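Every chain is numbered from 1, with letters handed out A, B, ... down the list of sequences. Here the structure is a predicted model, which means the values were calculated and not measured.
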Amino acid sequence: MRYQRRLQTAPPLGAEKEPMLDLLRAPVAQAIAQHLDLDLAEVMPLVIPPTKAGAGDLAVPCFALAKARKVAPPRLASELADTLASTIPGAQASAAGPFLNISFSPATVAGMLLPALADNPCVALRDDSGAGHSVCIDFSSPNIAKHLAFHHIRSTMIGNSLARIYQACGWDVARINFLGDWGTAFGRLIAGWKRENLSLSDLEAADDKVTFLNALYVRISTAAEADASVAEEARTWSKRLEDGDTEARELWQVFKDASLTEFHKVYGLLGVDFDSWKGEAYYEDKMAPVLAELESSGLLSKDDGASVVDLSAEGFKKPVLIKRADGGTLYATRDLAACQDRFNEFNFDRSMYVVDLGQGLHFGVGFAVAKKLDKPYADRLRHVGFGVVLMWDETEQAFLKGSSKKGRVLLLTDVLNESITRARAIVAEKNPELSDDEQNAVAHAVGIGAVVFNDLKNGRKGDVKFRYEDALNMQGDTGVYLQFAHARLCSIERRFASTCADAPAGDVQLLTRDDEKNVLLLIARMRDALRLTLDNDEPSQLAQALLQLAAGISSWLSAGSKDHSARVIGDDLAVSAARIRLVAAARATLGEGLRLLGLIAPERM
RNA sequence: GCGCUCGUAGCUCAGCUGGAAGAGCAGCUGCCUUCUAAGCAGCCGGUCGCAGGUUCGAGUCCUGCCGAGCGCGCCA
């Protein structure tokens, strides 16, 4: 509706769905289509952002068009350049060999973008493609009575970011933390607890309850190795726990609550929360229906006493194990039950598992079984995999897999706190005028942001090579870089508000600088980045686009330190008023982008 | 052996549906008396693992090699 007036002169294709960059693209494609007597749909994909820097705002490689017309590409390019120059106001077109390059005036771009951004400052990072749809996102999923290790940041922050991004695109999102809260380890813990005659107050007194439980686990495991009767005690408690023994269940609950207390501290630091905390234990008594269904559908067969589903027709070499020879259920069984449970509760249109790529086979077979059962949701399941974390080993001079024996294990909370500490020292040095509270808040935002952004900025499928100096770096392509650009924009807005209260409404015609246009185009391209992020479940697409936006902003703002006329706030109040509109748009876009990645954007730092 | 992920600058990586090789770090130059130098401007640095194929055009798609990481039944 809002674009109706424009549609009388510009073509409809893409304009409704893509009100940002395509507003520039469509008129170009239309003019070319008309000139060559082609369908608009054929031409649109040929109008692309140029890969070569300085080649303009849009480009059209003319190879295919020229071939169809049986002319040389450079000749067609210059022919089209002449056509466009006369048909599109505010645009300049030129041929560079076989490429047609198009540039718009800053005011033309601003006129198209700024009104939309004034209506909704986050419009560049909004999309309603998910409206009316729901998605389950399974992420983080740590094991009870163990620490969140550094590698947990991957699932936790990729999942958190995807949850926010799906939400921004209109999806109804359920964030699920599938806790690993079941297994024989708890029998051991209970046995140890009883042997040592521990009480709740012992646990309460511990600084870190998970550390307390870990230590207990190590002691009882050592004792069990030395003494067979201790091992027998542990087995007995495991059995009692499974059978629902009251005392066992109560202690199990104590351990779980204690672990969750520690988890919440870390999630609090990271700004992550969940809608569902159903863990493995919850599904213990909910697998019978799954087994019955598999049985009645004739999919189960026996293999060495165990029950399996054959998936050779689906291309899997080995069948998937559903029930152990001793009757116990397994990982796959539990996930099938959980999947059904989520469908019952959320009626999801998509269900995602943010779990490392090493589990690809597990999800592959699990999804295949759902399909064999003709589940309506079988095609809605996605494994969002990611690579492992490798730690820099000084003695080996190489990135190696984490190993507790070799001291290459880091706790997530330790890395985060170290980063905050480093950030605190830098804040104190750079901004001593900020209050202590403010310095602490900035150190938190910057310290956490550095670690989180370091994890999100690259494609999720690659292995993460972790080196302290790199992950905690506060210079270059980092989270801090984005936050700093955002804080500068906020600072200019504050100054404008206090010194230019009587400024007129900003007139986009006064935006004439190329660096201003560059920022506008970068904002417009956020839509493409958002779509790529969503299509590929890949937050790095958004992260990379934000880096480019921040670079454009930094370059623009820094121009003012040499050239007084380039400043946002200058002698000409009308120009300042126009530029502050761009500042506001850039600040809102950058701030929202940071939020979607799970970072905090301080207003001063 | 089979499967998955990958191989781009000294290091860490980006490169969207094929269209004109990009960042950051490290090294070297410049730039803070007025909107934040956690920054900006610039230099240096690449037969995109190798070989074929498809195409007007391949870092991108296909095949085969080589190399790395991870995974392949009664743990999760």
Side-chain angles (χ1 to χ4, degrees), chain A residues 45-46 48-53 55 59-64 66-67 73 96-99 101 141 143 180 182-184 280 303-308 315-326 328 330-332 334-335 356-362 364 385-388 390 399 401 423 426-427 429-431 446 457-459 461-463 465 467 469-470 473-478 480-481 483-485 487-496 499 528-529 531-532 535-536 538 540-541 543-544 547-548 551 554-555 557-562 564 567-570 576 579 583 604-605:
Chain A
L46 298 174
I48 57 172
T51 48
K52 189 175 175 179
V60 183
C62 296
F63 304 98
K67 193 181 183 189
F99 292 90
N101 293 325
S141 306
N143 290 325
W182 201 246
T184 54
E280 293 169 348
D303 192 341
D304 270 346
S307 298
V308 302
F316 294 98
K317 289 195 79 169
K318 293 183 179 176
V320 54
L321 214 61
I322 296 292
K323 196 163 77 172
R324 292 198 306 252
D326 68 5
L330 289 145
Y331 190 24
R334 208 144 27 223
D335 261 350
D356 74 273
L357 284 165
Q359 316 246 358
L361 186 59
H362 165 72
F386 53 82
V388 298
L390 304 173
F399 289 102
K401 201 183 176 189
I426 297 173
V427 179
E429 175 198 327
K430 302 211 180 254
N431 304 80
V446 165
K457 75 173 170 182
N458 293 326
K461 287 178 180 170
D463 291 344
K465 289 153 189 166
R467 198 189 259 146
E469 307 85 81
D470 296 341
N473 184 24
M474 309 276 171
Q475 287 180 337
D477 281 352
T478 63
V480 194
Y481 181 72
Q483 292 166 322
F484 184 65
R488 286 176 80 178
L489 293 166
C490 289
S491 171
I492 292 172
E493 283 190 293
R494 279 193 302 273
R495 180 172 288 252
F496 183 86
T499 61
D528 291 335
R531 181 170 297 171
L532 285 170
D535 288 351
N536 303 307
E538 185 61 272
S540 66
Q541 295 284 357
Q544 293 290 337
L547 282 172
Q548 289 180 30
S554 297
S555 180
L557 298 184
S558 296
S561 65
K562 276 198 164 180
H564 199 266
R567 289 182 171 239
V568 173
I569 301 168
S576 296
R579 288 178 179 168
V583 168
R604 61 182 92 217
M605 59 184 275

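Residue S491(A) is in base contact, counting any heavy-atom pair closer than 4.0 Å across all strands shown. Across all strands, V446(A) comes closer than 4.0 Å to base atoms (heavy-atom distances). Y481(A) comes within contact range of the sugar-phosphate backbone alone, with a heavy-atom separation under 4.0 Å but no base atom that close. The residue D304(A) sits close to a base: some heavy atom pair falls under 4.0 Å. Residue contacts for V427(A): at a heavy-atom cut-off of 4.0 Å it reaches a base atom on one of the strands shown. If you check every strand for non-hydrogen atoms under 4.0 Å, L390(A) touches nothing. Residue G358(A) is classed as a sugar-phosphate contact, given heavy-atom separations below 4.0 Å to backbone atoms only. Nucleic acid contact class of A423(A) (heavy atoms, under 4.0 Å, all strands): none. Among the heavy atoms of the strands lying under 4.0 Å from L330(A) are primed sugar atoms or P, OP1, OP2 only; no base atom is included. Within the nucleic acid shown, P98(A) has no heavy atom closer than 4.0 Å to any nucleic acid atom. Among the heavy atoms of the strands lying under 4.0 Å from R495(A) are primed sugar atoms or P, OP1, OP2 only; no base atom is included. Nucleic acid contact class of K465(A) (heavy atoms, under 4.0 Å, all strands): sugar-phosphate only. R334(A) comes within 4.0 angstrom of the backbone, heavy atoms only, and of no base.
A stacked arrangement is assigned to F99(A) and the six-membered base ring of rA20(B), with a centre-to-centre distance below 5.5 Å and an interplanar angle below 30°.
Nucleotides rA23(B) and rC40(B) place their C1' atoms 16 Å apart, quoted to the nearest Å. Between the P atoms of rC32(B) and rA38(B), the separation comes to 15 Å (whole Å). Spacing between rA58(B) and rG15(B) at atom C1', rounded to whole Å, works out to 14 Å.
Listed candidates were rG24(B), rC56(B), rG39(B). Nearest to the side chain of D477(A) is rG24(B). Side-chain atoms of K401(A) lie closest to rG71(B) of the nucleotides rG71(B), rC35(B), rA38(B).
Scanning atom types as modelled, one donor and one acceptor separated by under 3.5 angstrom connect the side chain of N101(A) and the base of rA20(B).
For the pair R488(A) and A64(A), both in contact range of RNA chain B, the more 5′-proximal nearest nucleotide belongs to A64(A).
Nucleotide rU5(B) is matched to rA68(B) when pairs are restricted to Watson-Crick or G-U wobble geometry with both distances under 3.5 angstrom.
For rC62(B), the base is anti relative to its sugar; the glycosidic angle deviates from 0 by more than 90°.
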